[in-house]
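First up is the structure itself, then whatever we jot down about it.
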Amino acid sequence: MSMSPGWKRTLALVAVVGLVIGACGPSATTAPSTAAGPSASAAGPGGSTGAAPSAVANACGDAPVTLNVWGGYPEMDAVYKKAGEAYTAKHPNVSFTIFSTDLRGFEQKLTTSLPSNTAGDVVIRTANFLARFIDQGLLAPVPADLEAFIKGGAYSETDIKDATYKDKIVGVPEFSSGTALYYNKDFLAEAGLSGPPTSMDQIWDYAKKLAKVDGSGNVTRSGISLRLSGQGSGVAEKFWILLLQSGHELVKETAPGSGKYAADYNGPDGVALFQHYVDSLRDKIDSPNIDHDAKAFETKVTAMFAREPWVVAEIATAAPDLVGHYGSISLPVADLGATETMYVPTSAPNAACSWDFIKFLTEQDQQLLIPPTAGWLPSRKDLDLTAFLAANPGYEGFLKKPAGLKVSLTPPIAEFDELETKLATHLVDAYADYANLAGKPDKIQALLNTWADETNQILAANGHGA
Amino acid sequence: MIHPVRAVRAVPRRTWLRYRFVFLALAPIMALFFYLRVLPTGQAIVMSFFKWELIKPAEQFLGFDNYINLLKDENFRLAFFNTTIFAVATTILSVLLALLLATLIARLVGGRIGAGIELLYFAPVLVSVVPVTLGWREIFNYQHGILNSLLAGIGIGPQPWLSDPTMTLVAVIILSVWKQLGYNMIILLVGMRAIPRLYQEAAAVDGASAWQQFRHITLPLLAPVTLFVIVITTISSYNVFTQVYVLASDVQGAPGKLVRVIVYDIFENGFRFFKMGYAAAEAVYLFLIVIVLTIIQFRFLRGSRV
């Protein structure tokens, strides 16, 4: 028996359309330990251990409970694990699973799991990132006693502000971030530089003196490792941190409290900063072809770079020979603050227990575990970190801030990540084109204006345009 | 022109009954295929006409606005350009090289050595893309990568494989051709071995050279298999994502320029910027591009068949 040619063609067509539809669908196959810990000697408002107020005696009941703690910083896992063990010692029916992945992967996981009510019992991320989810009621409000505790003096104004969205504290600060300039003391001495740079002009000047080029003209050591590539918004964020030193932001609120913003990076200071980037590439102070960031600093491929405190802990384990041969110093004018805050999803089955664990994490003993275990800095400001700093001088740039240092925060607008990521994409492309842009401020100005237009359009599309 | 509905109606009842086991056996997988592939595709088409955020579905009906805005979107245009270059280069290179290798193996090598060579080329297909890409990231490293060392051996200076926009695209193509080559080669080899030797022997008796045998016997008889390989490679190339994502991921320490491709752009719009409606419109464009290309390939290659 044989089928007619027409019938065969029809079946073949159906098979091909099916194949194409299938192929376009989602693929099923593609697929510090630092030298010394901080002293727990400080007495906080909650007593000798700084216990958060109103800890519920039996918030987790007697039945077995498993709390899933989710974060975007794998180095923090050990902190949550230790805290979980301590909590289990007090509440034997409570066990923990700790989940973390790289930050971008974690954000994507939250993006799909929060709306589908499958997220962890405690999730830790910035209020800015979670703003959309808060708007949709997917995260539970902070209990009144915890809110009162946060406002009660244990946290800095900056951390409180960063945990606030639409005039309400929405999350509980766990650990905080900032940026400092790391420098290699040996390289500075070799170049005849007596101390770390204390102004932006000095930073650029030092970078020039510290860079090394081989006989073929290839950069073998960058004077300063600038963020030139990478996914997401990081490239724009690093540009922003340096822009802050001249008093400008990526987007600035047009009038305080107005909720309207406009691009702020395309003025003369933005042009000058961008010019520093491309000129540094042209002048072989940095190169797109060599290692960057912490890896470059640890392998002595760069003399200076700006980064968060976790690098101190990483150096202690990944490059112990560098310990004692490097230092960190606060950026000269301003810093970009970020506070990782804790939330309980509205759908969490053991909300009372989850909040009780969050309260436990805010106790001084638990907060003091953070620097020696993960390298990040605790959010509570009422901790005595003097002995810790003495034993870990790499943290100087983070714990000794000059008077009057301004701390900027990410604006509380949901579309900020989109405009920052798109700016980062433009910056990466423009840095790659440094040969055509170095020494050409008019071209740079035109580029920045184009990008600023896009930023303003995104703001306008989301109701935040000036 | 044959009308599909009329063609189905023309099938006699006894034929349907004779083949009912086939339909019954296929029913579960077709149901799954409909649920997992056809239905989501339909949903994506619906979403593309709305302002649809990941956590705020169907906010506002936009008509064709998402489609029109995409045409003005610089990122989408760049992604389309990069993906097309990538797909064309990967398809041409991986199919031609696979054809060459399959011919050499079929004609010159046999037995265990032949099987060993086949396994060697097929091995990359068996390995997951992520670890393979991480390995290639080291190979492409500007300062200490093997590739630049090899180039230095023949007097060529180091190439910025992971930082220059053009070279990064070339790097992704090299990696993808390497990954796809073994699969294409095996399929073509099976096709070649299915061609009866009788034809070639007869041609040899008539005095045809090896090239003439290949050109006038092997290639035409291999056309259906070649068509399959080209279609599959084109579809998978237009859906490229993992390689570009991993090559540029976590590049804070290593140089790495992201090659923007359509699936990455869809992923960014949908899961980073929450614009699911916009991302869905982009996915529909990708769907149309692939289906149009597939039809063109079918028509072109069918027409060229002997």
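Naming: A, B, ... by sequence-line order, numbering from 1 per chain.
When heavy atoms are compared at a cutoff of 4.5 Å, P160(B) approaches chain A by way of both its backbone and its side chain. The part of F267(B) that comes within reach of chain A is its side chain, from C-beta onward, which places non-hydrogen atoms under 4.5 angstrom from that chain. Heavy-atom distances place no part of D102(A) under 4.5 Å from chain B, backbone and side chain included. Interface remark: E418(A) contributes backbone and side-chain atoms alike to the contact with chain B (heavy atom separation under 4.5 Å). The part of Y264(B) that comes within reach of chain A is its side chain, from C-beta onward, which places non-hydrogen atoms under 4.5 angstrom from that chain. At a 4.5 Å heavy-atom cutoff, S287(A) makes no contact with chain B through either its backbone or its side chain. Heavy-atom distances place no part of D433(A) under 4.5 Å from chain B, backbone and side chain included. Proximity to chain B (any heavy atom under 4.5 Å) is restricted, for L138(A), to the side chain, taken from C-beta onward. Contacts of S233(A) with chain B are made by both backbone and side-chain atoms, with heavy-atom separations under 4.5 Å.
Closest approach of T421(A) to E268(B), counting heavy atoms only: CG2-OE2, 3.6 Å. In plain terms, the two heavy atoms of F274(B) and T111(A) that are nearest each other are CE2-CG2, 3.8 Å. Closest heavy-atom contact between R132(A) and F273(B): NH2-O, 3.9 Å. Across all non-hydrogen atoms, the minimal contact from P288(A) to S163(B) is O-CB, 3.6 Å. I290(A) and Q143(B) make their closest contact through CG2-NE2, 3.4 Å (heavy atoms, listed as atom of the first residue, atom of the second, distance).
In this structure, V428(A) and L258(B) have side chains that are not in contact, with every pair of non-hydrogen atoms separated by 4.5 Å or more. Using a 4.5 Å heavy-atom cutoff, the side chains of R104(A) and R272(B) are in contact. Side-chain contact between N141(B) and D291(A) is present, with at least one heavy-atom pair separated by less than 4.5 Å. The shortest distance between side-chain heavy atoms of K422(A) and E74(B) does not fall below 4.5 Å.
Every residue meeting the ring pair (Phe, Tyr, Trp, His ring centres under 6.0 Å) condition with Y431(A), not counting sequence neighbours, appears here in chain and number order: F274(A), Y277(A). Residues meeting the side-chain contact (heavy atoms from CB on, under 4.5 Å) test with Q43(B), sequence neighbours left out: none.
Within a 6.0 Å radius of CZ in F241(B), other residues, nucleotides and ligands contribute more than 12 heavy atoms. The 12-atom threshold is not exceeded at CD1 of I29(B), counting heavy atoms of other residues, nucleotides or ligands nearer than 6.0 Å.
Note that CZ of R260(B) and OG1 of T425(A) are 4.5 Å apart. Values are rounded to the nearest 0.5 Å. Put simply, CG on N148(B) and CG on N289(A) are 9.0 Å apart, with the number rounded to the nearest 0.5 Å.
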